[in-house]
2 protein chains.
Amino acid sequence: MDYAETVTTRRTGLREQKKQATREALRAAALRLALERGPDNVRVDDIAEAAGVSPRTYNNYFSSREQAIVAAVAGEREARVAAAVADRPDGVGLADAVIEAIVDQYTASDAPGADALLLITTRPALREAFVGTTTAIEHPLTEAIAGRLGDGDPHTARVLAASVAAAVRVALEQWLQTTVSTCTAGGLVVPSGSLPDLLRATLAPLRPALDAAEQ
Amino acid sequence: MDYAETVTTRRTGLREQKKQATREALRAAALRLALERGPDNVRVDDIAEAAGVSPRTYNNYFSSREQAIVAAVAGEREARVAAAVADRPDGVGLADAVIEAIVDQYTASDAPGADALLLITTRPALREAFVGTTTAIEHPLTEAIAGRLGDGDPHTARVLAASVAAAVRVALEQWLQTTVSTCTAGGLVVPSGSLPDLLRATLAPLRPALDAAEQ
DNA sequence: GCAGAAATCTGCGTGCGCGCAAACTTGCGT
DNA sequence: ACGCAAGTTTGCGCGCACGCAGATTTCTGC
């Protein structure tokens, strides 16, 4: 929940260094254990023990059992989406900047954690946590949109960011739904290639709102 | 979560009748106890005991402790919003129908539970649960919008409904924020009169998207 | 270096959410 | 009227989330 130090490693150093280390250890341990045994057969005590910390400490980093597993695949996608929106050249419109940035980030991150994604699509509790990560992009996205809108009403940026995040959530829900049904029916892996198209199609209805805000 | 019987009291009757009775008893007990003592000094066991059911039964009706308290003021606003959208004459545009229906429902319901609202604005956990009720309007709103759009793409209706719900959530968050700060600073009750204006202003950026979907 | 301040880790206790299976209630067919 | 099927309630147990306060580690000023 704290992205202020991701760039310049602010703050004295040894503290934040250890903090990030244990956070990463918890992430890795959670994902590894979830893949080895089923996701249901892993308690927070196991994760904490594998990471070498107290069970109580786990909840100082993640507020739910699923967050650690989901964090491994979701990562800091939120901040990268915002950065991607801001990095688009000024020539392209707001709608294209936002939509393409989101599509890029959500398709690029699929390759590394493909096995983890398959795991997430299986268990409903994990799917819910994964879908819940979309709300995390709201704040960074708000600032990115506000930066592109210039001196406009900051309320508008916030509403648009929330709407975009909601649309992304809808796309993910539908993608997971069709994915699991495909798995059940065909028995093959996920057709991740359709995610970009689905995102574009789902975000399309918001284009008029984004265009109108630009004036 | 089950709105199929709200109109015609379908299903044999005695079962659903008792079900609604205990649900209402739980709601009332939760709100009463929360008002008497502080909201933090009421356990689910107390609510269940006051309603005359087992503590386990409570979680058959509400999946969290706050839901019962919030449900008292939130009620079945979801279904009524959808009905209000559908009831607007065909002459008015989709944007006006949606926005005015929402404004109506969110202002009309404020009067009865004014004291409860003040309670909710105080405790952060309750505010979160109250804000969370906005996602409940997504499904009914989707069908209402789809009905007005006619034979258009059902995806569009879903995205628009999700965006509208997100915007409502943003408005509620901001309203609660300014409300609590006003209370802290001035020490007076909430300026509920500004909610309609805030809703209208927050939903305004989505007008172009709603208008465009209508064609 | 060295105290004092600040942040973090940890054990403990409480309450909550929920799966499970047994008792009980209600509805329906005959 | 009666018995079976379906639905609901309840007790039980497990694991999770978190506040609290003490111990421990890290940072800062001197």
Side-chain angles (χ1 to χ4, degrees), chain A residues 1-2 4-5 9-27 29-30 33-34 37-71 123-129 132, chain B residues 1-2 4-5 9-27 29-30 33-34 37-71 123-129 132:
Chain A
M1 305 299 180
D2 202 351
E5 294 81 6
T9 317
R10 191 174 303 278
R11 200 91 193 235
T12 39
L14 216 173
R15 255 170 162 60
E16 297 303 312
Q17 192 174 337
K18 276 197 170 183
K19 231 166 132 71
Q20 290 308 105
T22 52
R23 159 171 267 120
E24 189 55 36
L26 285 171
R27 269 190 203 171
L33 289 179
R37 337 166 178 180
D40 300 335
N41 300 332
V42 49
R43 300 181 298 272
V44 299
D45 298 27
D46 302 334
I47 304 177
E49 190 185 16
V53 294
S54 162
R56 181 64 183 85
T57 300
Y58 176 89
N59 281 312
N60 289 348
Y61 286 88
F62 300 99
S63 57
S64 87
R65 190 179 107 263
E66 294 84 2
Q67 268 194 8
I69 307 177
V70 172
R123 305 288 170 172
L126 288 180
R127 301 197 326 185
E128 189 177 351
Chain B
M1 307 296 181
D2 201 352
E5 293 80 6
T9 316
R10 192 174 305 278
R11 199 88 193 235
T12 37
L14 215 173
R15 259 171 159 56
E16 298 304 313
Q17 193 175 337
K18 275 197 171 183
K19 232 167 132 73
Q20 290 309 104
T22 53
R23 156 171 269 118
E24 190 55 36
L26 286 171
R27 269 190 204 168
L33 290 179
R37 338 164 179 181
D40 299 337
N41 301 332
V42 49
R43 298 183 297 273
V44 299
D45 298 27
D46 303 332
I47 303 176
E49 189 185 18
V53 294
S54 162
R56 180 65 184 86
T57 301
Y58 175 89
N59 282 313
N60 289 348
Y61 286 89
F62 301 99
S63 56
S64 85
R65 189 178 110 265
E66 295 84 4
Q67 267 193 9
I69 306 176
V70 172
R123 305 289 169 171
L126 288 180
R127 301 197 327 184
E128 189 177 352

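None of the values given here were measured: they were computed from a predicted structure. Below, chains carry the letters A, B, ... as their sequence lines are ordered, and counting in each starts from 1.
The two residues A:Leu26 and A:Ile47 have their closest heavy-atom pair at O-CG2, 3.8 Å. Across every non-hydrogen atom of B:Arg27 and B:Ala71, the tightest pair is NE-CB, 3.8 Å.
One atom, CD of A:Glu16, and another, P of C:dT8, lie 7 Å apart when rounded to the nearest Å. The nearest whole Å value for the distance from the CD atom in A:Glu49 to the C1' atom in C:dC9 is 17 Å. One atom, CG of B:Asp45, and another, P of D:dG11, lie 11 Å apart when rounded to the nearest Å. To the nearest angstrom, C1' of D:dC16 lies 10 Å from CD of A:Glu66. Nucleotide D:dT8 holds its P atom 11 Å from the CZ atom of B:Arg23, rounded to whole Å. Across the protein-nucleic acid pair, B:Arg15 atom CZ and D:dA6 atom C1' stand 6 Å apart, rounded to whole Å. Atom NZ in B:Lys19 sits roughly 14 Å away from atom P in C:dT26 (whole-Å rounding). As a whole-Å value, the separation of A:Asn60 CG from C:dC9 P is 7 Å.
Within the 4.0 Å cut-off from OP1 or OP2 of C:dG17, not a single side-chain nitrogen or oxygen of B:Ser63 is found. Contact check, A:Tyr61 against C:dC9: a side-chain N or O comes under 4.0 Å of OP1 or OP2. Within the structure, a side-chain polar atom (N or O) of B:Ser54 is placed less than 4.0 Å from OP1 or OP2 of D:dG11.
Taking the side chain as every heavy atom from C-beta outward, A:Gln67 and A:Tyr61 never approach each other to under 4.5 Å.
A cation-pi arrangement is present between B:Arg23 and B:Phe62 under the rule of less than 6.0 angstrom and at most 45 degrees off the ring axis.
Mapping A:Lys18 and A:Asn59 onto DNA chain D by nearest heavy atom places A:Asn59 at the nucleotide closer to the 5' end.
Taking only distance into account, the side chain of A:Arg56 meets the base of D:dG19 through a donor-acceptor pair shorter than 3.5 Å.
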